[in-house]
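First comes the structure, then the notes that go with it.
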Amino acid sequence: MKRLVIVNGTMGAGKTTVCRELKRLAAPCAFLDGDWCWDMEPFVVTEETKALVQDNIVHTLGGFLACPAFETVIFCWVLHRQEIIDGLLARLDLRDVQAWVFTLMVTPEALRCHIKKDIAAGLRTPDVLERSLERLALYEAMGTEKLFVQGRTPAELAREIMDRLGG
């Protein structure tokens with residue numbers, strides 16, 4: 001049975017870094033970062049671009065899940081509402097696929113630290129911090145498996161995910 005592992009969390013929680021570690025542990029696998037589907041200039045969020053991005057995600061995940069070369073498919077994105085996750089999953093063929101959804105939980109203090117480092121490195125713009133902080137409470141209400149990131153390395157979090165997957 002294939003595994004679909006979804007890792008979500010607010011911007012700056014460490015999703016991509018954790019998933020890169022997880023990719024090494026879960027091989028043979030494929031990894032899709034939802035941010036790659038948003039790579040556009042100018043960055044425009046409209047109903048049309050949201051629909052386009054979700055179509056691209058479903059298409060790519062579906063292709064990875066259908067490919068016999070991969071046992072595990074890893075996907076990360078800022079999925080701040082349960083209905084976004086449910087909508088994506090409903091559009092995938094999940095026969096013979098076991099799906100897990102993990103949320104990286106981060107305190108406001110740790111999030112400020114992460115995002116300020118990214119801003120200083122030119123990886124994020126300052127407006128991301130407030131938008132990310134505003135979304136924290138949304139993740140607490142989601143029906144996902146929670147992983148608390150404080151005091152833990154991405155490698156430790158990836159190992160915990162693998163343990164929860166059963167190996």
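Note: hydrogens, waters and symmetry copies are ignored here, and every other heavy atom, side chains too, is used.
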Is any side-chain heavy atom of [X] closer than 4.5 Å to a side-chain heavy atom of [Y]?
X: Thr144; Y: Phe102; value: no
X: Leu136; Y: Pro108; value: yes
X: Cys76; Y: Asn8; value: no
X: Leu4; Y: Val101; value: no
X: Lys117; Y: Leu123; value: no
X: Ile85; Y: Gln82; value: yes
X: Thr60; Y: Phe75; value: no
X: Leu52; Y: Glu48; value: no

Nearest heavy atoms of [X] and [Y], plus distance in Å:
X: Leu79; Y: Tyr139; value: O-CE2, 3.4 Å
X: Ser132; Y: Leu111; value: OG-CD2, 3.4 Å
X: Phe70; Y: Ala30; value: CD2-N, 3.8 Å
X: Cys29; Y: Ala26; value: CB-O, 3.6 Å
X: Val44; Y: Trp38; value: O-CZ3, 3.7 Å
X: Val18; Y: Ala158; value: O-CB, 3.9 Å

Hey, are [X] and [Y] close enough for a salt bridge, meaning a charged N less than 4.0 Å from a carboxylate O?
X: Glu47; Y: Lys50; answer: yes
X: Lys2; Y: Glu71; answer: no
X: Lys146; Y: Glu140; answer: no

task = Could you please spell out the steps behind the salt bridge (charged side-chain N to carboxylate O under 4.0 Å, His left out) verdict for Glu21 and Arg159?
result = CA-CA 8 Å; Glu21 292 287 337; Arg159 170 55 43 210; over 6 Å; no

Report yes or no: do [X] and [Y] belong to one cluster of Ile/Leu/Val/Met/Phe/Trp/Tyr joined by side chain heavy-atom distances under 4.5 Å?
X: Trp100; Y: Ile161; value: yes
X: Leu22; Y: Met1; value: no
X: Ile115; Y: Phe43; value: yes
X: Leu157; Y: Phe148; value: yes
X: Leu94; Y: Leu88; value: yes

If you round to the nearest 0.5 Å, how far is [atom2] of [Y] from [atom1] of [X]?
X: Lys15; Y: Leu104; atom1: NZ; atom2: CG; value: 7.0 Å
X: Trp36; Y: Ile57; atom1: CH2; atom2: CD1; value: 11.5 Å
X: Arg135; Y: Arg81; atom1: CZ; atom2: CZ; value: 8.0 Å
X: Cys113; Y: Gln150; atom1: SG; atom2: CD; value: 10.5 Å
X: Arg20; Y: Thr16; atom1: CZ; atom2: OG1; value: 6.0 Å
X: Ile74; Y: Leu61; atom1: CD1; atom2: CG; value: 11.5 Å

message = Could you go through Val5 and Leu165, starting from their C-alpha distance and side-chain angles, then the distance that decides it, and tell me whether this counts as side chain to side chain contact (heavy atoms under 4.5 Å, CB included)?
response = CA-CA 9 Å; Val5 180; Leu165 299 178; 3.6 Å; yes

ask   = Do Arg164 and Leu147 pass the side chain to side chain contact (heavy atoms under 4.5 Å, CB included) test, and can you show the C-alpha distance, the side-chain angles, and the key distance before you say yes or no?
value = CA-CA 11 Å; Arg164 290 190 188 193; Leu147 297 172; 3.5 Å; yes

Donor-acceptor pair, [X] side chain versus [Y] backbone, under 3.5 Å?
X: Thr72; Y: Arg3; answer: no
X: Thr153; Y: Glu156; answer: yes
X: Gln54; Y: Ala51; answer: no
X: Thr103; Y: Met105; answer: no

query = With respect to Trp77, which candidate in Val53, Ile6, Val7 satisfies the side-chain contact (heavy atoms from CB on, under 4.5 Å) definition?
reply =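 Exactly one option meets the side-chain contact (heavy atoms from CB on, under 4.5 Å) with Trp77, and it is Val53.
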
key: Greater than 12 external heavy atoms within 6.0 Å of Asp93's CG   =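 Enclosed: over 12 neighbouring heavy atoms sit under 6.0 Å from CG of Asp93.
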
request  = Quick one: do His80 and Met142 satisfy side chain to side chain contact (heavy atoms under 4.5 Å, CB included)? Show the steps, please.
outcome  = CA-CA 8 Å; His80 60 290; Met142 296 178 77; 5.7 Å; no

